[in-house]
Peer 1: 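Have a look at this one.
Per chain, numbering begins at 1; letters A, B, ... match sequence-line order. Excluded from the calculations below are hydrogen atoms, water molecules and symmetry mates; all remaining heavy atoms, backbone and side chain alike, are included. If you're wondering where the values come from, they're calculated on a predicted model, not measured in any experiment.
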2 protein chains.
Amino acid sequence: MSKSEQTRAAIVAAATKLFRTGGYDATTMRAVAKEAGVSVGNAYYYFGSKEHLVLAFYDEIFAAHLEGCEGVLATEQAFVPRLTGVLEVWLDVAESSHEFAGKFFKHAAEPTSPLSVFSPESAPTREAAIALMRRVVDGSDLKVAPALRQELPLLLWLVQMGMVLFWVYDDSSGRTRTRQLVRQAVPILDKLLRATRIPGVRGIADDVVTLVRSLVSGPGR
Amino acid sequence: MSKSEQTRAAIVAAATKLFRTGGYDATTMRAVAKEAGVSVGNAYYYFGSKEHLVLAFYDEIFAAHLEGCEGVLATEQAFVPRLTGVLEVWLDVAESSHEFAGKFFKHAAEPTSPLSVFSPESAPTREAAIALMRRVVDGSDLKVAPALRQELPLLLWLVQMGMVLFWVYDDSSGRTRTRQLVRQAVPILDKLLRATRIPGVRGIADDVVTLVRSLVSGPGR
DNA sequence: GCCAGTATTTGAACACGTTCAACTTCGGGA
DNA sequence: TCCCGAAGTTGAACGTGTTCAAATACTGGC
């Protein structure tokens with residue numbers, strides 16, 4: 001590891017530590033720099049803004065999520081426990097940073113931010129998250145129309161983003177309300193997906209797939 | 001109008017003007033105060049933060065939306081053109097502030113912000129928006145299960161919030177992509193709602209209503 | 001070893017949102 | 001009319017994220 005890589009790693013480590021203990025606002029760039037043993041300007045040499053430090057934090061959460069999911073993906077075959085398990089692992093992994101997450105989320109929601117959930121900068125993490133959902137689908141017993149199945153990982157990722165949105169606003173202790181949402185909503189989603197085989201519903205499902213396809217490249221592109 | 005009301009109105013007018021011309025970030029509190037002919041501290045006497053000024057901006061958009069909807073509500077009976085019309089009026093009304101909207105949207109997504117779509121501060125506007133959706137449902141020919149019908153205004157408001165989310169990211173000229181989304185998605189929603197009368201689907205709809213009811217008081221309450 | 005050019009590092013300086021102690025104006029009861 | 005508490009107003013001061021010209025360390029060619 002080169003010297004500059006060490007400096008970069010030290011800044012990320014300092015930021016992560018301070019974010020976890022004090023939250024986003026209370027963590028100043030001056031404090032991060034001091035903790036990392038560098039100057040303020042140096043931190044900006046490696047990270048364009050305070051937001052970019054958050055992206056590194058998000059990557060850590062995703063890596064932990066992926067690792068935590070392996071057990072679920074190896075053992076669960078049925079779609080409902082498989083998807084529920086994956087979402088619950090995320091809740092476990094993210095719990096310790098919930099307070100901080102609210103601050104993080106506003107950056108994820110700002111279209112012009114490099115940290116936007118749809119931004120090119122966050123594309124690698126986003127695509128890895130969608131790939132995880134593809135594993136959820138492929139390894140399950142779920143039977144849906146092929147056209148829908150193809151778009152399902154993206155749709156499930158959007159479902160996960162919906163859960164995260166709910167979670168961010170959830171101040172119940174231990175995030176029990178979000179957990180309740182997951183346990184209730186996943187079986188409903190399962191029913192809904194299987195219902196696409198009912199003649200009167202299949203046409204609607206096809207419409208949804210068509211709509212998603214026509215918009216999948218992003219609103220503004 | 002009392003003196004203090006005049007001062008408050010002057011600050012709102014100054015903020016609105018500067019927001020429209022220069023956007024959110026470029027509009028400083030010092031500039032707002034100067035434009036309104038008051039001191040910086042005085043602006044904070046009336047508005048707790050810069051974000052609270054945006055709330056006043058929201059209210060202006062909603063008032064224009066409500067007014068613009070009267071024609072649609074008076075003439076359209078069928079659910080699809082009725083809801084489509086209401087959403088399109090919103091797009092018309094909001095178009096001029098699209099650039100500005102992207103900048104402040106991050107505040108609307110932050111749970112702790114007074115601008116959050118679920119915050120107590122925005123409750124009056126939010127409830128008025130839901131009431132508008134109730135008028136859309138009540139005056140239409142839509143037939144759904146009574147249990148679902150009761151929650152429908154809230155669900156339609158959530159749909160509208162989804163549209164706004166898409167709209168914020170939409171940089172196509174004239175927001176054609178969001179308009180395309182509305183024209184495609186509303187008929188699908190209509191089909192989906194009417195499909196709740198199919199035996200195999202009704203049970204799912206009931207599940208959704210139960211879920212929404214159990215969560216309707218908000219994630220954290 | 002030496003130099004030129006690049007990469008890295010520094011911290012003072014800037015503009016911002018926000019706070020607050022002090023000041024001024026207002027309203028209504030004696 | 002006078003007075004006092006409340007309401008309204010002020011602008012300097014604070015801590016923040018970010019910038020930048022300058023200083024320093026590094027690297028490859030000779």
Peer 1: Want to settle it: does B:T7 or A:K50 sit nearer the 5' end of DNA chain D, counting the closest nucleotide to each?
Peer 2: B:T7
Peer 1: Under 4.0 Å between a Lys/Arg side-chain N and an Asp/Glu carboxylate O for B:R135 and B:E70?
Peer 2: yes
Peer 1: Report the distance from atom CD1 of B:I130 to atom CG of B:L152, rounding to the nearest 0.5 Å.
Peer 2: 12.0 Å
Peer 1: Let me confirm one number: the CD-SG distance from A:E76 to A:C69, rounded to the nearest 0.5 Å.
Peer 2: 11.5 Å
Peer 1: Under 3.5 Å, side chain of A:R177 to main-chain N/O of A:D170, donor-acceptor pair present?
Peer 2: no
Peer 1: Please tell me whether A:R183 and A:T84 have a donor and an acceptor in their side chains that are separated by less than 3.5 angstrom.
Peer 2: no
Peer 1: Roughly, in whole Å, what's the span from NE2 in B:H52 to P in C:dG17?
Peer 2: 15 Å
Peer 1: Strictly below 4.0 Å, heavy-atom distances to any atom of DNA chain C: list the hits from residues 34-46 of chain A, or just say none.
Peer 2: A:V38, A:S39, A:G41, A:N42, A:Y45, A:Y46
Peer 1: C:dG17 C1' sits how many Å from A:D25 CG, rounded?
Peer 2: 12 Å
Peer 1: What does the inter-axis angle of the helix from C:dG1-D:dC30 to C:dA30-D:dT1 come out as, five pairs per end, nearest 10 degrees?
Peer 2: 10°
Peer 1: Starting from C1' on C:dC26, measure out to CD on B:Q6 and report it in whole angstrom.
Peer 2: 15 Å
Peer 1: With a 4.0 angstrom cut-off to heavy atoms of chain B, pull out the first and last contacting nucleotide of DNA chain D, in 5'-to-3' order.
Peer 2: D:dA7 to D:dA13
Peer 1: Extract all donor-acceptor atom pairs below 3.5 Å that involve side chains of residues 35-47 of chain A and protein atoms in other chains or at least two apart in sequence.
Peer 2:
unit_1, atom_1, unit_2, atom_2, d
A:E35, OE2, A:K17, NZ, 3.0
A:S39, OG, A:N42, N, 3.2

Peer 1: Would you mind reading off the distance between B:E51 atom CD and C:dG17 atom P, rounded to a whole angstrom?
Peer 2: 11 Å
Peer 1: Find the distance between CZ (A:R175) and CE (A:M163) and round it off to the nearest 0.5 Å.
Peer 2: 12.0 Å
Peer 1: Figure out the CZ/C1' separation between A:R30 and C:dT9, and round it to whole Å.
Peer 2: 17 Å
Peer 1: Who passes ring-ring contact (aromatic ring centres under 6.0 Å, His included) against B:F19, sequence neighbours left out?
Peer 2: B:Y24, B:F100
Peer 1: Working to the nearest 0.5 Å, report the span between CD of A:E151 and CG of A:L211.
Peer 2: 11.0 Å
Peer 1: Regarding B:D92 and B:R179, does a basic nitrogen lie under 4.0 Å from an acidic carboxylate oxygen?
Peer 2: yes
Peer 1: What donor-acceptor contacts under 3.5 angstrom involve side-chain atoms of residues 56-63 of chain A, with partners at least two apart or in another chain?
Peer 2:
unit_1, atom_1, unit_2, atom_2, d
A:D59, OD1, A:T125, OG1, 2.8

